[in-house]
**Q** 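Before I ask anything, let me first share the structure, which is written out below as structure tokens.
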Number of protein chains: 2
Amino acid sequence: MDKKQTTLKDIAAKLNVSISTVSRALQGNTRISAQTREKVLELAQEYNYFQTKHINPFSKKKIQAVGVIVPSIKYHLYAMAISGIEEVLEKHQMQIIICQSNESYEREKILVKELMDIGVSGLIVSLASETKEFDHFLEAKKRKIPLVFFNRLCDEVESDKVIIDNFKAAYDATQHLISVGCKRIAYIGGPEMLQISSTRLLGYKKALIDADIPVDEKFIETTDFTREGNLSTARKLLYSPEHADGVLAFSDQVAIGVMLAAKERGLKMAEDIAIIGFNNEPIDELLEPSLTSIDQPSYEMGVESANLILDRIENYEKEDSRKVLKSELVIRNSTNKNKL
Amino acid sequence: MDKKQTTLKDIAAKLNVSISTVSRALQGNTRISAQTREKVLELAQEYNYFQTKHINPFSKKKIQAVGVIVPSIKYHLYAMAISGIEEVLEKHQMQIIICQSNESYEREKILVKELMDIGVSGLIVSLASETKEFDHFLEAKKRKIPLVFFNRLCDEVESDKVIIDNFKAAYDATQHLISVGCKRIAYIGGPEMLQISSTRLLGYKKALIDADIPVDEKFIETTDFTREGNLSTARKLLYSPEHADGVLAFSDQVAIGVMLAAKERGLKMAEDIAIIGFNNEPIDELLEPSLTSIDQPSYEMGVESANLILDRIENYEKEDSRKVLKSELVIRNSTNKNKL
DNA sequence: ATGAAAGCGCTAACAT
DNA sequence: ATGTTAGCGCTTTCAT
């Protein structure tokens, strides 16, 4: 099984020249006779010589790579963000290594370690929903490996960060629900440790308070983002006698769970229950009714994250920065009570 | 900016021992005195020593990685397949490096080269729609790097392959359209060089012929998979006086384009025009009407691809194998003419 | 129990 | 124009 690769040594031996001569010939160094160079190239061709570069080798000819860890590439937001990251890093001849934590803390930890061991020049991360300890990122800081968090981040680790103003986004969305006449507005968040979720919760509560609507804990729920989790959480909110008549959901996927539950329960969407999601996924306009959603500049988030990591690779000691990008409420029929 | 890493040499110097002693102490070699070992470990800790492994280093302690190239992780099929690949390779402590060709031949070529240069142990690939030359894969074969194609493949390169029976899938789907009473059935494929697209075309034609329906070239169209491309292709088929009354689309995304065009044109879905897509994406059941689609075992495709690459890494000289997985037509309302 | 030295594949500084 | 040699970080064999 040992398909030994051809080395400079092999070629040198065949040609009765030194290794350096071969090395230089292959590099196109001009101080080599055309004749020798030709012979070397020929033989290299014949022996199918190629050089294995390394991500972080001793030599200067290294390949630089940045590790990207996201909860799942199935989420449209992350697929878009990754495209943004690629767009930027490609121009700098940097490879990107995409990994999924699958929302698992253990897996995230392993991934961080392995990426560091491979020798990536930096890490761009959006946290797993399970993660509530951050040693693995502190380890990265110890090793002085540039680190950027985007979208899902934490206060426990100092680093560059890219987010939207989740408080404001949730506030505005809740206000919209109020403005179309919802009285019993629910919020479905993610696992508690997920900071963006609690930030949104605060925005939601503030909007209610500002409108003199009492905050009712029974209208505040969480989900684990699985399909079943989303559905059962939605059912909890809709099957009580005093069911919610407006829902702000953590994501469009969660919002779809609410739509399914509402259909099942026989509620008329928009009329009986208005729904807003997060992320503005392309399918939103194809749903029936089309789904009102908060548009996050996901591609741009990727671009900004990549720019920040480049800055920090350039100058590790620079100050941490925090980019807050603008989000936008895209109003569609799921919150249009006057539809008919 | 030069954050030099601590090396064995540094530690050895501080402790006035040899490099080998430090190396052994760190490896837990028993022939080192407990005292020395402790001192070494302490200092390593203090200096924050860590070892950079390499994907393909001289030493035995290497990290093995497999490169995965897909057209885009935005396609649900590929996100699922990647999960399948991860599932398998994870168990073998192998890293996977995910890359997107973005349907570009040039990009695919660069990716193959860079992944090989990094020193991946194998490549799992689904071709870009643009690709019609295959030198880059022949290069991989030259280098004896294990190669597996899945879903989108080509006959030009010999390698392990994983697919579904696209001919049969298209045949069955077309037959279903015929059985619900469609007379003018169209096929929307991808770029011509995409082999799965032409295979499906053959299945489509055969089904028509077997049902004594003449094949009409004006009902055979292609798209570049962009949103606009899908829509404009769909319009071509629907805006003629004798518009298509049944469509077999290359993917669910393409099928959605047809649905949008049909809505725009004022056609009643299912009744005036029946639609079938490929891939059975989760949104299919949420669409209005829900979309009939061919379910491909995408996760399983990933699993099989990973297994094949493992086999070939184990034994490069083994014979090529070709796994054909079963697909299934999932019938929903978009082809239910008797809906009302 | 520890050190010295070779070697992995290659580049580059220093001869000649 | 080409060869010699040191060296990158580490492991490993061979001495001691």
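Every heavy atom of this structure was used, including side-chain atoms; hydrogens, water molecules and symmetry mates were not. Small disclaimer: the values here were computed from a predicted structure and weren't measured. Protein chains get the first letters and strands the later ones, always in sequence-line order, with residue 1 at the start of each.
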**Q** B:E87 and B:S83: side-chain donor and acceptor closer than 3.5 Å?
**A**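 No, no side-chain donor-acceptor contact under 3.5 Å.
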**Q** Please collect all side-chain hydrogen bond (donor to acceptor under 3.5 Å, both in side chains) contacts where either partner lies in residues 36-50 of chain B, sequence neighbours excluded, each pair once.
**A**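 Non-adjacent pairs meeting side-chain hydrogen bond (donor to acceptor under 3.5 Å, both in side chains): B:S33-B:T36.
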**Q** Check this for me: does any side-chain nitrogen of one of A:D135 and A:K109 sit under 4.0 Å from a carboxylate oxygen of the other?
**A**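 Not counted as a salt bridge, because no side-chain N and carboxylate O are separated by less than 4.0 Å.
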**Q** How close or far is atom C1' of D:dA1 from atom CG of A:L15, stated in whole angstroms?
**A**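 Rounded to the whole Å, the gap is 15 Å.
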**Q** Round to a whole Å and report the spacing from CG of A:L8 to P of D:dG3.
**A**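 Whole-Å distance recorded here is 13 Å.
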**Q** How many Å lie between CD on A:E38 and P on D:dT2, as a whole number?
**A**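 Result: 13 Å.
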**Q** Do A:I96 and B:I97 make a side-chain contact, defined as non-hydrogen atoms from C-beta onward lying under 4.5 Å apart?
**A**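 No; the side chains remain at least 4.5 Å from each other.
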**Q** When you compare the side chain of B:Y105 with that of B:E133, does any pair of heavy atoms fall below 4.5 Å?
**A**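 B:E133 vs B:Y105: side chains touch.
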**Q** Examine D:dT12: is either OP1 or OP2 under 4.0 Å from a nitrogen or oxygen in the side chain of B:Q27? Give yes or no.
**A**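 Yes, because at least one side-chain N or O of B:Q27 sits under 4.0 Å from OP1 or OP2 of D:dT12.
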**Q** With heavy-atom distances below 4.5 Å as the criterion, would you say the side chains of B:F149 and B:V162 are in contact?
**A**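 No; the side chains remain at least 4.5 Å from each other.
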**Q** Might you list the N or O atoms of the protein lying below 3.5 Å from N or O atoms in nucleotides 2-4 of chain C, with each pair's distance?
**A**
from  : atom 1 : to    : atom 2 : distance (Å)
C:dT2 : OP1    : B:T36 : OG1    : 3.0
C:dT2 : OP2    : B:S33 : N      : 2.8
C:dT2 : OP2    : B:S33 : OG     : 3.2
C:dT2 : OP2    : B:T36 : OG1    : 3.3
C:dG3 : OP2    : B:S18 : N      : 2.9
C:dG3 : OP2    : B:S18 : OG     : 3.1
C:dG3 : OP2    : B:T21 : OG1    : 2.2
C:dG3 : N7     : B:R24 : NH2    : 2.7
C:dG3 : O6     : B:R24 : NH1    : 3.3
C:dG3 : O6     : B:R24 : NH2    : 3.1
C:dA4 : N7     : B:S20 : OG     : 3.4
C:dA4 : N6     : B:S20 : OG     : 3.2

**Q** Is the phosphate of C:dG9, meaning OP1 or OP2, less than 4.0 Å from a side-chain N or O of A:Y49?
**A**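 No, A:Y49 has no side-chain N/O under 4.0 Å of OP1/OP2 on C:dG9.
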**Q** For B:D117 and C:dG9, what is the distance between atoms CG and P respectively, to the nearest whole Å?
**A**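 Between P of C:dG9 and CG of B:D117: 17 Å.
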**Q** Could you state the atom-to-atom distance from NZ of A:K9 to P of C:dC10 in whole Å?
**A**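 Whole-Å distance recorded here is 11 Å.
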